[in-house]
Amino acid sequence: MDLSKLNPPQREAVITTEGPLLVLAGAGSGKTRVITHRIVHILNERPGGALARNILAVTFTNKAATEMKERLVKMAGPRAQGVLVCTFHAFGAEMLREDIHRLGWPRKFAIADMGDQLALIRRAMRDHKVDDRAFDARKVLTLISKAKNSGHEPTPKPEGMGDDYDLITHLVYPNYQLALKAQGSVDFDDLLLLPARLLREHEDLSTKYTRRFRYLLVDEFQDTNLAQMNLLRLLAGKVRNVCAVGDDDQAIYSWRGAEVRNILQFDSHFPGSREVRLEQNYRSMQVVLDAANAVIAKNPERKAKRMWTDRLGGERVKVVTCPNEEEEARFVAHEIQKQMALGVAADDIAVLYRTNGQSRPVEEMLREKGIGYEVVGGSEFFDRREVKDVIAYFKVIANPRDEVSLLRIVNVPARGIGDVTMERLHAHARADGISLWAAMGRSQGYEDLPAGAAEKVGEFLQLIERYRGLFEEGRLAQVTRQLLEEIGFREATRALAPSISSADKKLKSVDHVLNSLESFEKREGPKASLLTYLNRLSLDTRQEEEEVPGGHRRVTLMTVHASKGLEYRLVFFIGMEEDLMPHKGMQGEPQNLEEERRLCYVGITRAKELLYLTRAAIRVKRGKEVPCTPSRFLEDLPPEVVEKVDLAAPRTGAPTEQERNFFANLKDRFKPKGAGGGAGPTPGDRKV
DNA sequence: ATATCCATTTTTTTT
DNA sequence: AAATGGATAT
C-alpha cells in the first residue's frame, strides 16, 4: 500500500495503530480513506499477529458499513472479508444472538420496533392509571431511551421535580422493561446495554471478545452515546487499541442521546490517547467550503478548527427563492435535467431536505421527467397498515410471546375473536402468571369464554402452529403466499379499502413485502429464516434493492441526517426556510439551534462542486398557505460566494442580464408544454 | 362484531 | 389535506 499518497496527519493516523487514538477529521478530510488505509495497514504490517478477524470497524449506518467493506475488499483483496464492519447495534445483536440466554432472555429474542415499544408503554401507562391519551407515550419513550442510554440500566431515575413526564417515566419504566422481557424482546437501547452487561458480568465472554477484537475503529464518533462508549471501553479491554474518528461540528444526533462529550473528552475515557487533526478538505471547491465555514463559525462551543482546501474558486453557491413548494421541486428537477444533459451522472447528484415529507413534490417532478431517483430512508412503506399486519404475522409465528403483534393480528382479517374475548384471556394470563399465548391455549377451560369464542381461538392457534412448522422448512415467500391465501388477507384488505385505487396500493405493498422476502432469501440462501428476516428488518432500514431497467445510476433523495458521510458533485439543499431549517420547535433552546446549524453545515459540506440552496416563499402546511421567511443560515453566507435568484418576486420589467443567463437552459419552465422559445420569466406565465 | 361517519390532529431527525 | 381514532348505528 502506498502511504505517500496521504498527507502527514493522515499518515500519522494510519500508522499509529497501537494505543488509543482520536482522529478529529473535518468534513471531506479523507476520513473514510484514513480508516480503510489504517485497516489495510494493520493487516499488512502485522502478518504474524493481526488477522482480519481481529479487527472491528464500527460505522453509523448499515449503508456506510456495506460501502466500507466493499472498499476494503477492493483495496486488500479477499483477506479483508474477515474484517467485521457493522453498526454498534448490529454488533450488539450479534453478541446477543450467541449469549443472551445468560441474561434470562430466550435465545430467539425479537427486536421491538417503535410501534411495539409504544404499545408496551401505553399499556404500562394504563396499568398505572395514567391516561394514555392525555400524555404522549412517545415522550415517555424518549425519556426511557434517554435514561437507558445515559447508563441508568433498569434502575429508573426520576429526573427533576414536578414534571409529569418524569414521574410517569419513573412509574412506567420498570413495567415496560419487564413486559419487554416477558415477551422475549429487546429494544434498540438494549442492543447496546445488554452486550455491555454480558461483558461486565461474564469474565469468559469478556476474555473471548477482548482477545478476538484487538483493533477497534469507530467512525462518526461524535454521534455515539454513553452506552456505546461503555461498550467500546469494555471491548477495548486493557489493550485499548481504539481509533475513534469524528468531527464535533457534525454532531447531529444529540436528540437520540449522542454525547459530543465522547469526542471532546476522549482522553478522560482513554487516558494517554493521541490526537490527530485532519483539516485539509479534499472534497469541496473553495466557495462551497467558504459557505460552510461561515455557517458553522457562528457556533460558540467547538474545537477550534479551520477547514481549508486547495481547490480554489468554483461555481458560486446558488441561493434560489421559488414561489412555492411545487415550483421549488420543478426548479430542482429542471436543473437536474440540465446538469445531466451537461454530462453529470445521476448518481453524482443528491437532493437533501430536513424532513422526509419534503421528498414528495420532488419525487413527482422527477418521475414526470423520467429521471431515475432513489429515496433513502423514509420508512413510510413499513408504516402502512397492511404491511405491519403481515409483519405482525411473521412476528407471532416466530415468537408467539410477542403480545403486541399477537393482539394486532388475532382478529385480522376478522375471525370473530373480539376485544372482549382477548380482554378476558388477558385477565386469565395475568391471574395464572402465563403469557397471553399460553392462556389462549387454555381457552377451552375458561368458564367465562363462550364455547364459540374458545373454538375460534383454538382454530387461530392451530393456524399459527401449522405455519410455524411450514416456515421452518424454508421457502419463506412461498409459505407467506399460502398463508395470505388461506386467511383471505387480500380479499379482506380490498374490502376494507375506501377506493379501488387505494386497494390497489395496499395490495401492491403486500406484494412488495413478498418481493423483499424473496430477495432476502436469495441473498441469504439457506440461512434465511423468519427470525433473521425480522431482525434484519429492524436493524437495517434500507429497502430491498429494486431492479430498475433504466440503469442503476439514480439521483439520491434523502434527509440531511441520512446524508452524513456521503458526498456528491451536485447537491440541492431544499427548504431553506425558518421553521424548516432550522426546524420549528428547535429554536427555543440554544443547544438545539446549534445542532440545527451543524445540520446545515453537514448538508452544505456534502457538495463537491456545486451547491443549490432553495426555498419556497409560500408553503402549504396542514392545508393552509403559509408565507415562509428565509432561513437565518442564509444570512450567514458571505455575499461573494453566493448567487441569488428570486423566482418568486413580482416582476414588472424585462428580465435582467443575470436572469437571462440563468434561465438560458430553463426555458420550458415557463412554457411547460411547448418546445421552448421563451425569453425569460414573465409575470403572466406563472402557474398558480 | 362490524360498518360508517365525524372529529381531531399531525413526526423532525433514526439505530 | 390526509389520516387516524372514536363514537355511533346496524
Side-chain angles (χ1 to χ4, degrees), chain A residues 58-65 86-93 111-114 117-118 122 132-133 136-139 141-142 145 148-149 186-193 220 223-225 227-228 231 251-258 325 352-360 376-380 382-385 411-422 450 452-453 456 492 495-499 502 535-542 558-564 575 579-587 592 595-596 598-600 602-603 619-626:
Chain A
V58 182
T59 57
F60 193 73
T61 63
N62 291 290
K63 188 177 183 191
C86 60
T87 64
F88 266 117
H89 290 90
F91 177 78
I111 300 170
D113 61 29
M114 201 149 59
Q117 298 186 72
L118 288 172
R122 289 208 182 91
D132 63 319
R133 273 174 300 155
D136 187 358
R138 224 173 277 271
K139 280 193 187 147
L141 175 57
T142 308
S145 179
K148 281 185 159 191
N149 279 317
V186 301
D187 63 18
F188 276 107
D189 304 322
D190 290 336
L191 292 176
L192 308 170
L193 295 174
E220 308 286 4
D223 284 320
T224 53
N225 62 32
Q228 288 165 324
L231 183 56
I252 54 176
Y253 280 92
S254 72
W255 52 273
R256 210 174 79 180
E325 198 173 27
L352 307 183
Y353 35 79
R354 175 68 233 263
T355 67
N356 284 117
Q358 292 171 258
S359 74
R360 193 173 279 178
V376 175
S379 56
E380 231 173 51
F382 287 102
D383 285 341
R384 310 196 57 148
R385 154 101 55 72
N411 206 28
V412 175
R415 53 171 69 88
I417 307 176
D419 293 345
V420 182
T421 305
M422 292 314 288
K456 283 170 186 149
L496 236 63
S499 72
S502 82
N535 275 294
R536 188 199 184 79
L537 221 52
S538 35
L539 283 176
D540 194 343
T541 51
R542 284 177 298 171
M558 65 193 148
T559 62
V560 187
H561 281 93
S563 76
K564 191 165 73 147
D579 292 355
L580 209 47
M581 180 76 252
H583 197 276
K584 166 167 65 188
M586 296 282 86
Q587 294 171 17
N592 290 341
E595 181 145 313
E596 293 292 298
R598 289 193 293 270
L599 197 53
C600 184
V602 168
R619 205 170 276 274
V620 180
K621 291 173 185 170
R622 287 185 211 165
K624 274 218 174 82
E625 283 197 344
V626 184

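The sequence lines fix the lettering, A, B, ..., with proteins before strands; numbering per chain opens at 1. Note that the structure is a prediction, hence the values are computed from the model and not measured.
- Positionally, the nearest nucleotide of DNA chain B for A:Arg415 lies more toward the 5' end than for the other of A:His89 and A:Arg415.
- Within a 6.0 Å radius of NZ in A:Lys139, no more than 12 heavy atoms belonging to other residues, nucleotides or ligands are found.
- Note that CG of A:Leu580 is 8.5 Å distant from CD of A:Glu325, once rounded to the nearest 0.5 Å.
- Side-chain proximity of A:Arg354 to the nucleotides B:dT15, B:dT12, B:dT11 is greatest for B:dT12.
- In this structure, A:His89 and A:Leu192 have side chains that are in contact, with non-hydrogen atoms separated by less than 4.5 Å.
- Annotation: C:dA3 and B:dT14 have their C1' atoms spaced 23 Å apart (nearest Å).
- Judged by centroid separation below 5.5 Å and plane tilt below 30°, A:Trp255 stacks onto the base of B:dT13.
- Judged by distance alone, with hydrogens and angles left aside, the side-chain atoms of A:Tyr353 form no donor-acceptor pair with the main-chain N or O of A:Val560 at under 3.5 Å.
- Nearest to the side-chain atoms of A:Thr355 among the listed nucleotides B:dT12, B:dT15, B:dT14 stands B:dT12.
- Distance, A:Lys584 NZ to B:dT12 P: 8 Å, rounded to whole Å.
- When atom types are taken as modelled, the side chain of A:Asp579 and the backbone of A:His583 share no donor-acceptor pair closer than 3.5 angstrom.
- Between A:Gln228 atom CD and B:dT14 atom P the separation is 16 Å, expressed in whole Å.
- Along DNA chain B, the nucleotide closest to A:Arg138 and the one closest to A:Arg256 are compared, and the more 5′ of them pairs with A:Arg138.
- Between A:Met114 atom CE and B:dT13 atom C1' the separation is 11 Å, expressed in whole Å.
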Below 3.5 Å between N/O atoms, which protein atoms pair up with nucleotides 8-10 of chain C? Just atom names and distances, please.
none

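- Taking atom CG of A:Asp136 as the reference point, atom P of B:dT12 lies 12 Å away to the nearest angstrom.
- Note on A:Asn411: only backbone sugar-phosphate atoms sit closer than 4.0 angstrom, heavy atoms only; bases stay farther off.
- One finds a side-chain N or O of A:Thr559 lying less than 4.0 angstrom from the OP1 or OP2 phosphate oxygen of B:dT14.
- Here A:Phe88 lies out of heavy-atom contact (under 4.0 Å) with every strand.
- Following rounding to the nearest Å, A:Leu352 (CG) and B:dT12 (C1') show an atom-to-atom distance of 15 Å.
- One can place NZ of A:Lys148 at 14 Å from C1' of B:dT15, the figure rounded to the nearest angstrom.
- Put simply, the residue from A:Thr559, A:Ile252, A:Leu352 that forms a side-chain contact (heavy atoms from CB on, under 4.5 Å) with A:Leu599 is A:Ile252.
- Using atom P as the reference point in both B:dT11 and C:dG6, the two lie 15 Å apart (nearest Å).
- Here A:Asn149 does not reach the OP1 or OP2 of B:dT15: none of its side-chain N or O atoms lies under 4.0 Å away.
- Ring planes of A:His561 and A:Tyr253: perpendicular class, angle over 60° (limits at 30 and 60°).
- With rounding to whole Å, A:Arg536 atom CZ is found 14 Å from B:dT15 atom C1'.
- One interatomic measurement links the two molecules: OH of A:Tyr253 to C1' of B:dT14, which rounds to 6 Å at whole-angstrom precision.
- OP1 or OP2 of B:dT15 has not a single side-chain nitrogen or oxygen of A:Asn62 nearer than 4.0 Å.
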Q. Going through the distances and angles, do A:Asp223 and A:Lys564 end up as a salt bridge (charged side-chain N to carboxylate O under 4.0 Å, His left out)?
A. CA-CA 11 Å; A:Asp223 284 320; A:Lys564 191 165 73 147; 2.6 Å; yes

